[in-house]
Amino acid sequence: MPDLRRQVLESGKTISRKAASREGSRRTSRTASAQNSRPSSRPTSRYGSDEEDAGNLSDETTALSIGSLDDLTEDPDQDTNNWTQELDDVVADILDRKRSSILSREEAYAAFCRLAKSHYVEDHIRSQVSDLLAAFCRSVKFESSVRETTLALRALELLAITAFDNTIYENVESLLSRSIRDSASTSIKAAAIHCLGVCTMFGGAGEDGILDQMTFFLDIAASDGQSIDAPDDANSVTAALQEWGMLATEIDDLEGESEDAVQIFMDQLDSGDSGVQVAAGENIALLYEKSYTEQEDDEDEEDEEGHSNDADSDEESFLSPGERSGPKLIKRYNAYHNTHELEQQLQSLATIHNKRISKRDKKSLHSNFTSILTTVTNPRRGPMYNTAIDQDTNRRYGSKLTVKVGSQGVMNIDRWWKWIRLNSLRRILQGGFAAHYFQGNRAVLDNLPVMVRMNFASSSDRSAAKRAAKSRNNRRWAVHDHSDEEY
């Protein structure tokens with residue numbers, strides 16, 4: 001699997017205008033007059049079509065390596081003059097079911113996915129959410145073609161993360177669960193698993209609904225896909241592991257689930273698919289992270305086992321003062337009864353040299369599991385990159401992840417819950433992540449806080465930046481009040 005830098009940037013690569021606008025230009029208008037009313041040579045989009053991103057919709061985007069990220073954005077020259085008009089036409093095509101064919105629906109869904117991931121379209125579809133939801137659900141229910149169904153599932157994901165509608169989950173849960181269990185296509189099963197996870201997270205499921213779906217996804221992983229009639233299907237198992245991890249970030253206390261879940265994930269570490277292995281490993285790291293919580297104001301300086309919170313201060317001495325800052329974390333429970341056994345398994349993956357594994361997968365396993373092992377050994381540490389071992393002290397050291405979003409957005413990935421949410425949002429929005437963040441998508445801002453920092457050499461530059469930021473905020477950003485500690 002690709003390393004983190006390659007994976008996050010890969011789907012945002014520069015492509016030709018012709019390729020980017022292929023789906024939009026292929027889609028036929030509902031009427032000749034509507035077609036004639038638009039310019040004869042509509043400006044093309046700089047975005048790739050949803051079809052071009054097909055390889056990035058499942059396990060290929062989510063088995064990630066630990067490394068530095070440069071930019072979660074596509075080409076800065078990304079606006080098209082008539083995208084809102086095109087969106088109106090696409091929505092009209094989708095809702096005009098009586099005059100549609102399988103091919104026209106496929107093209108309309110692909111165009112909707114392209115536009116909805118590249119722009120925050122909530123203002124433009126607000127009054128039509130229920131109608132769009134019904135249209136996408138019909139395509140999922142009837143499965144007229146694999147492509148139509150998977151594109152409808154993708155469109156439903158984008159609708160859920162855009163609409164901020166708490167009724168979506170209750171309207172789609174039974175349909176998506178049935179598709180996961182009964183579809184004859186493993187591609188549809190995997191896509192439906194991802195879609196159910198997104199609708200659960202952003203569609204108003206509540207904690208009970210989240211826990212129900214976590215159990216469902218865990219059963220899929222535990223049975224290697226057999227529980228949904230997809231035995232040993234790596235895409236379905238990977239999707240279930242990834243969505244379990246995303247939902248788990250929403251639950252504060254997983255003490256009751258941790259032991260069994262870690263054991264299931266350990267079994268998946270023996271998978272022959274690196275995507276399955278990495279997704280399982282990240283969930284293990286998350287569970288160990290969650291076994292530690294912040295020290296309360298009235299608590300002593302020792303954890304429940306009588307160990308000082310400063311016991312590992314020497315091990316973290318390589319970190320900068322900024323990296324060492326933050327609340328103290330105290331162990332609350334054992335994430336798993338045999339951490340030593342788990343560490344041995346993780347160490348084996350972090351140093352694996354099997355000749356049958358490709359160089360790319362081997363590199364991914366090494367970097368991922370070195371970081372995962374670091375967290376299991378010391379859950380106070382989150383994801384790290386460029387992790388190495390001091391030969392004199394046998395101590396792991398490295399730098400924490402910092403992700404640049406656009407030209408001025410910066411997020412510090414110092415906890416696994418942030419890393420897992422970032423991966424999930426990046427899978428859904430792909431190269432449109434930065435657009436959704438800076439255009440104020442509430443689902444993105446609420447689920448992945450980002451510290452926006454502006455560093456300029458002179459005071460005049462700083463003043464100009466402040467004026468620009470104030471103007472931009474007034475025009476585009478939703479108001480979100482987060483303290484520095486949250487980042």
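Taking Asp208 as the reference, nothing meets the salt bridge (Lys or Arg N to Asp or Glu O under 4.0 Å) condition, with sequence neighbours excluded. Partners of Glu170 under the side-chain hydrogen bond (donor to acceptor under 3.5 Å, both in side chains) rule, at least two apart in sequence or in another chain, do not exist in this structure. Qualifying side-chain contact (heavy atoms from CB on, under 4.5 Å) partners for Asn166, counting only residues two or more places apart in sequence or in other chains: none. In this view, Arg126 and Glu122, Asp123 satisfy the salt bridge (Lys or Arg N to Asp or Glu O under 4.0 Å) rule, not counting sequence neighbours. Residues passing the salt bridge (Lys or Arg N to Asp or Glu O under 4.0 Å) test with Glu257, sequence neighbours excluded: none. Qualifying side-chain contact (heavy atoms from CB on, under 4.5 Å) partners for Thr186, counting only residues two or more places apart in sequence or in other chains: Ala230, Asp233. Residues passing the side-chain contact (heavy atoms from CB on, under 4.5 Å) test with Glu294, sequence neighbours excluded: Pro327, Leu329. Among residues two or more places apart in sequence or in another chain, the side-chain contact (heavy atoms from CB on, under 4.5 Å) test is passed with Ala280 by Leu241, Phe265, Gln268, Leu269.
Side-chain atoms of Ser258 never come within 3.5 Å of backbone atoms of Leu254 as a donor-acceptor pair (strictly under, hydrogens ignored). A donor-acceptor pair under 3.5 Å is absent between the side-chain atoms of Asn441 and the main chain of Tyr437, judged by distance alone. Remark: side-chain polar atoms of Asn334 are not paired, donor with acceptor, to backbone N or O of Tyr336 under 3.5 angstrom. A distance-only check finds no donor-acceptor pair linking the side chain of Thr238 to the backbone of Asn235 [under 3.5 Å]. His436 places a side-chain N or O within 3.5 Å of a backbone atom of Lys117 that can act as its donor or acceptor partner. Using modelled atom types, no side-chain atom of Ser424 and backbone atom of Ile420 make a donor-acceptor pair closer than 3.5 Å. A distance-only check finds no donor-acceptor pair linking the side chain of Asn283 to the backbone of Trp244 [under 3.5 Å].
Counting heavy atoms from C-beta outward, Ser145 and Glu106 have side chains that approach closer than 4.5 Å. Using a 4.5 Å cut-off on side-chain heavy atoms (C-beta onward), Ser271 and Val237 make no contact. Side chains of Val90 and Leu115 form a contact here, defined as non-hydrogen atoms less than 4.5 Å apart. Residues Lys331 and Tyr288 fail the side-chain proximity criterion, which asks for heavy atoms closer than 4.5 Å. The shortest distance between side-chain heavy atoms of Glu282 and Trp416 falls below 4.5 Å. Two residues are said to be in side-chain contact when any heavy atoms from C-beta on lie closer than 4.5 Å; Leu211 and Thr215 fail this criterion. Between Tyr169 and Phe202, every side-chain heavy-atom pair lies at or beyond the 4.5 Å cut-off.
In this model, a donor atom of one side chain and an acceptor atom of the other lie less than 3.5 Å apart for His194 and Glu243.
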Residues Thr84, Leu87; criterion side-chain contact (heavy atoms from CB on, under 4.5 Å); working and verdict: CA-CA 5 Å; Thr84 55; Leu87 177 65; 5.5 Å; no
Applying side-chain hydrogen bond (donor to acceptor under 3.5 Å, both in side chains) to Gln213 and Thr200, what does each step give before you reach the verdict? CA-CA 8 Å; Gln213 299 312 323; Thr200 303; 5.0 Å; no
Chi angles and distances behind the salt bridge (Lys or Arg N to Asp or Glu O under 4.0 Å) call for Arg421, Glu250: CA-CA 10 Å; Arg421 287 189 183 184; Glu250 279 288 289; 2.7 Å; yes
Start with the C-alpha gap between Arg332 and Thr293, add the side-chain angles, then the distance that decides, and say whether side-chain hydrogen bond (donor to acceptor under 3.5 Å, both in side chains) holds. CA-CA 7 Å; Arg332 303 299 183 181; Thr293 63; 2.5 Å; yes
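Note on Glu289 versus Lys418: no salt bridge recorded, every NZ/NE/NH1/NH2 to OD/OE distance being 4.0 Å or above. A salt bridge is defined here as a Lys NZ or Arg NE, NH1 or NH2 lying under 4.0 Å from an Asp or Glu carboxylate O, and Arg427 with Glu157 meets this definition.
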Just list the side-chain donor-acceptor pairs under 3.5 Å for residues 127-135, sequence neighbours left out, or say none.
none

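In this structure, Arg426 forms no cation-pi arrangement with Phe433, as its terminal cationic atom is not both closer than 6.0 Å to the ring centre and no more than 45° off the ring axis.
Considering every non-hydrogen atom in both Ala116 and Val121, the closest pair reads CA-CG1, 4.2 Å. Nearest heavy atom pair, residue Pro231 against residue Gln226, reads CB-CG, 3.7 Å.
Applying the ring pair (Phe, Tyr, Trp, His ring centres under 6.0 Å) test to residues at least two apart or on different chains, the pairs with a partner in residues 135-158 are Tyr109-Phe136, Phe112-Phe136. Among residues at least two apart or in separate chains, there is no salt bridge (charged side-chain N to carboxylate O under 4.0 Å, His left out) pair with a member in residues 172-195. A salt bridge (charged side-chain N to carboxylate O under 4.0 Å, His left out) check over residues 211-224, counting only residues at least two apart or in different chains, returns nothing.
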